[in-house]
Colleague: 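Attaching a single structure in structure tokens format; questions to follow.
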Amino acid sequence: MKQRIGIFVGSFDPFTVGHDSIVRRALPLFDRLVIGVVGDHVSKPYLRPAEERMKAIASLYDNEPAVEVLPYHGLAVDFARSVGAHFIVKGVRSVKDFEYEREQADVNRMLSGIETILLYSEPQFSSVSSTMVRELQHFGVDVSSFLPKKQ
């Protein structure tokens with residue numbers, strides 16, 4: 001039987017409670033979920049090193065054998081192909097996110113036939129973003145409530 005493999009990709013700087021929610025809710029849909037951590041990003045030149053972000057994410061799921069954390073460069077569809085995935089998982093917080101992700105999903109399907117599964121944010125996480133967490137950190141705010149804890 002063919003394995004159901006999905007990918008969840010992003011810069012994850014930092015990986016938030018919203019990201020964790022998407023991973024935990026996507027897990028029952030797949031035999032394997034690969035979290036792809038962007039290694040470089042033109043519009044985000046000040047990312048923490050990918051290795052550091054990957055280690056933090058992997059430690060959250062070290063008791064979850066269906067989760068794998070890998071570096072990712074280039075197009076999501078190329079990364080999906082490289083790990084044998086047929087699905088891309090994306091989180092959606094708002095109408096703005098939905099429109100962006102819908103367009104990406106259409107292009108990804110045209111390029112590769114790979115389907116995108118959109119999971120809506122849980123209401124309590126709809127305003128949480130990595131950008132917001134980084135900004136709060138910059139101003140010395142305790143952001144621990146926005147970061148997932150190991151389960």
Side-chain angles (χ1 to χ4, degrees), residues 4-50 52-54 56-58 60-61 64 66-83 85-139 141-151:
R4 290 168 301 155
I5 302 170
I7 63 167
F8 181 48
V9 296
S11 54
F12 305 126
D13 188 25
F15 192 81
T16 69
V17 290
H19 296 128
D20 180 59
S21 169
I22 297 297
V23 168
R24 299 212 182 267
R25 291 167 46 219
L27 270 173
L29 304 174
F30 302 103
D31 300 308
R32 187 167 146 233
L33 183 64
V34 180
I35 300 173
V37 178
V38 172
D40 55 3
H41 201 291
V42 175
S43 66
K44 297 178 184 179
Y46 302 109
L47 288 176
R48 289 181 304 133
E52 185 181 321
R53 290 175 281 135
M54 289 172 51
I57 296 167
L60 290 170
Y61 303 106
E64 181 49 69
V67 172
E68 184 176 5
V69 181
L70 296 173
Y72 136 70
H73 301 275
L75 297 175
V77 293
D78 292 337
F79 179 67
R81 280 190 205 113
S82 76
V83 299
H86 296 294
F87 303 95
I88 299 171
V89 175
K90 295 298 223 142
V92 177
R93 295 170 297 193
S94 66
V95 172
K96 182 174 86 172
D97 284 355
F98 175 81
E99 280 301 316
Y100 176 79
E101 296 301 348
R102 184 192 57 76
E103 290 173 1
Q104 293 295 308
D106 288 346
V107 171
N108 287 336
R109 191 179 323 97
M110 285 188 285
L111 290 174
S112 67
I114 294 174
E115 288 293 341
T116 299
I117 297 174
L118 300 178
L119 293 178
Y120 294 100
S121 170
E122 293 182 83
Q124 68 270 28
F125 302 136
S126 64
S127 295
V128 177
S129 71
S130 294
T131 302
M132 180 268 301
V133 172
R134 282 193 314 274
E135 188 166 327
L136 291 173
Q137 281 177 318
H138 174 78
F139 289 104
V141 174
D142 175 11
V143 296
S144 59
S145 64
F146 299 113
L147 304 175
K149 285 145 188 73
K150 187 173 174 135
Q151 294 186 1

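Everything numeric in this text was worked out from a predicted model, so none of it was measured.
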Colleague: More than 12 non-hydrogen atoms from neighbouring residues, nucleotides or ligands closer than 6.0 Å to CD on Q137, yes or no?
Modeller: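 Yes - once you tally the heavy atoms of other residues, nucleotides and ligands closer than 6.0 Å, there are more than 12.
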Colleague: Taking the side chain as every heavy atom from C-beta outward, state whether R53 and P14 have any pair of such atoms under 4.5 Å apart.
Modeller: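 No, side chains not in contact.
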Colleague: Applying the side chain to side chain contact (heavy atoms under 4.5 Å, CB included) test to F15, which of D20, V133, V37 qualifies?
Modeller: D20
Colleague: Indicate yes or no: at least one non-hydrogen side-chain atom of F79 is less than 4.5 angstrom from one of V34.
Modeller: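 Side-chain contact under 4.5 Å: yes.
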Colleague: Atom CG of D97 and atom OG of S126: how far apart are they, to the nearest 0.5 Å?
Modeller: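 Going from CG on D97 over to OG on S126, the span is 10.0 Å.
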Colleague: Taking the side chain as every heavy atom from C-beta outward, state whether F12 and V69 have any pair of such atoms under 4.5 Å apart.
Modeller: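 Not touching, per the 4.5 Å side-chain cut-off.
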Colleague: Can you check whether R48's main-chain N or O pairs, donor with acceptor, with D13's side chain at less than 3.5 Å?
Modeller: yes
Colleague: Hey, what do you get for CG (L136) to OG (S145), rounding to the nearest 0.5 Å?
Modeller: 9.0 Å
Colleague: Could you report the tightest heavy-atom contact between D78 and R81, atom names first, then the distance?
Modeller: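 That would be OD1-NH1, 2.9 Å.
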Colleague: Between R4 and H86, is any pair of side-chain heavy atoms under 4.5 Å apart?
Modeller: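 They are not in contact (no side-chain heavy atoms under 4.5 Å apart), so the answer is no.
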Colleague: Do the side chains of Q124 and S21 get nearer than 4.5 Å, heavy atoms only?
Modeller: no
Colleague: So, for I114 and V77, which heavy atoms are closest and what is the spacing to 0.1 Å?
Modeller: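 That would be CD1-O, 3.8 Å.
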Colleague: Got T116 and Q104 here, is their nearest side-chain heavy-atom distance under 4.5 Å?
Modeller: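 When only atoms from C-beta onward are counted, Q104 and T116 do not touch, as no gap falls below 4.5 Å.
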Colleague: When you look at NZ of K96, are more than 12 heavy atoms from neighbouring residues, nucleotides or ligands closer to it than 6.0 Å?
Modeller: no
Colleague: Supply the atom-to-atom distance F146 CZ to S130 OG, rounded to the nearest 0.5 angstrom.
Modeller: 12.0 Å
Colleague: Where does the angle between the aromatic ring planes of F98 and Y120 fall among parallel (under 30°), tilted (30 to 60°) and perpendicular (over 60°)?
Modeller: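 Parallel.
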Colleague: In Å and rounded to the nearest 0.5 Å, what is the NZ to CZ distance from K90 to F8?
Modeller: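 Rounded to the nearest 0.5 Å, the NZ-CZ separation comes to 8.0 Å.
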Colleague: Roughly how far apart are T16 OG1 and L147 CG, rounded to 0.5 Å?
Modeller: 8.0 Å
Colleague: Which heavy atom in P28 sits nearest to a heavy atom in R24, and how many Å separate them?
Modeller: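 In this case the closest contact between P28 and R24 is CD-O, 3.4 Å.
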Colleague: Using side chain to side chain contact (heavy atoms under 4.5 Å, CB included) as the criterion, point out the one residue from L119, L33, L60 that pairs with V23.
Modeller: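 The single option meeting the side chain to side chain contact (heavy atoms under 4.5 Å, CB included) with V23 is L33.
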Colleague: Please find the pair of heavy atoms, one from R93 and one from S129, that lie closest to each other, and give the distance.
Modeller: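 That closest heavy-atom pairing would be NH1-CB, 2.8 Å.
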Colleague: Please report the shortest heavy-atom distance between E101 and L118, naming the atom on each side.
Modeller: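 In terms of heavy atoms, the two residues are closest at CB-CD2, 3.8 Å.
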Colleague: Answer with yes or no whether the side chains of D142 and S144 bring together a donor and an acceptor at under 3.5 Å.
Modeller: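 On atom types as modelled, these side chains qualify, holding a pair under 3.5 Å.
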Colleague: Hey, could you give me the CD1/CD distance between I57 and E52, rounded to the nearest 0.5 Å?
Modeller: 11.0 Å
Colleague: Do F87 and L29 have side-chain heavy atoms sitting under 4.5 Å apart?
Modeller: no
Colleague: Report yes if some heavy atom in the side chain of M132 is under 4.5 Å from a heavy atom in the side chain of S127; otherwise report no.
Modeller: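 Of all side-chain heavy-atom pairs linking S127 with M132, none is under 4.5 Å.
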Colleague: Restricting to non-hydrogen atoms, name the atom on G39 and the atom on H73 that form the minimum distance, rounded to 0.1 Å.
Modeller: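 So the minimum-distance heavy-atom pair works out to CA-CE1, 3.5 Å.
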